[in-house]
Amino acid sequence: MKKFFIGFALVSLLIAGVLSYFASGDPDGLDKTVEDTGIAEHAQEHPFAGSTFADYALGGDDKFTGLAGVLGVIVVLAVSFGLFWFLRKKSDA
């Protein structure tokens with residue numbers, strides 16, 4: 001079981017760090033619909049628009065997309081592990 005989780009973490013980091021550079025910069029279906037219907041004209045910047053990980057980049061620089069993905073995976077895995085550890089059933093032993 002431990003090998004599975006290590007493998008899962010490594011594959012997740014590989015996908016986030018390498019394949020994220022091949023992601024399309026074109027808008028997805030929802031973004032395209034919002035733009036076509038005029039809803040986007042009323043959009044406002046969200047509170048985290050200037051944050052470190054805004055727009056799937058590190059500090060707004062597209063060269064660091066993979067690093068932002070790797071850091072995101074690490075944060076998600078750490079929070080998930082922490083929650084599972086905290087909420088686990090405690091044995092009587």
Side-chain angles (χ1 to χ4, degrees):
M1 189 68 131
K2 188 175 184 179
K3 289 181 183 179
F4 170 78
F5 287 114
I6 291 171
F8 179 79
L10 291 175
V11 169
S12 299
L13 291 170
L14 181 70
I15 289 172
V18 176
L19 295 182
S20 59
Y21 287 106
F22 298 103
S24 174
D26 296 329
D28 62 11
L30 180 60
D31 286 337
K32 178 94 169 95
T33 303
V34 167
E35 290 172 4
D36 290 348
T37 58
I39 296 172
E41 296 171 8
H42 305 290
Q44 299 173 355
E45 287 290 333
H46 58 84
F48 300 109
S51 69
T52 305
F53 293 113
D55 292 331
Y56 303 105
L58 193 61
D61 193 347
D62 289 341
K63 293 184 282 188
F64 297 116
T65 301
L67 182 58
V70 167
L71 292 174
V73 166
I74 290 170
V75 168
V76 168
L77 288 176
V79 168
S80 300
F81 178 77
L83 282 173
F84 283 121
W85 181 80
F86 181 73
L87 297 173
R88 76 187 187 283
K89 273 189 173 177
K90 301 201 185 221
S91 63
D92 292 334

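In this chain, numbering begins with 1 at the start of the sequence shown.
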Test of understanding: clusters of I, L, V, M, F, W, Y form through side-chain heavy atoms closer than 4.5 Å, transitively. Do L77 and L71 belong to the same one?
no
When rounded to the nearest 0.5 angstrom, what is the spacing between NZ in K2 and CZ in F5?
12.0 Å
Taking only residues two or more places apart in sequence or in another chain, which ones pass side-chain contact (heavy atoms from CB on, under 4.5 Å) with L10?
I6
Output all residues satisfying side-chain contact (heavy atoms from CB on, under 4.5 Å) with H46, sequence neighbours left out; order by chain, then residue number.
F48, A49
Any chance you could measure D28, atom CG, to T33, atom OG1, to the nearest 0.5 Å?
8.5 Å
Kindly write out the residues that satisfy side-chain contact (heavy atoms from CB on, under 4.5 Å) with A40, not counting sequence neighbours, or none if the list is empty.
V34, E35
Which pairs, with at least one residue in residues 66-79 and sequence neighbours excluded, count as a salt bridge (Lys or Arg N to Asp or Glu O under 4.0 Å)?
none
By side-chain contact (heavy atoms from CB on, under 4.5 Å), which residues pair with S12, not counting sequence neighbours?
F8, V73
Taking only residues at least two apart or on different chains, which pairs with a member in residues 63-81 satisfy salt bridge (Lys or Arg N to Asp or Glu O under 4.0 Å)?
D61-K63
Shortest non-hydrogen pair, S20 vs G66, comes out as OG-CA, 3.4 Å
With respect to I15, which candidate in V18, V11, L13 satisfies the side chain to side chain contact (heavy atoms under 4.5 Å, CB included) definition?
V11
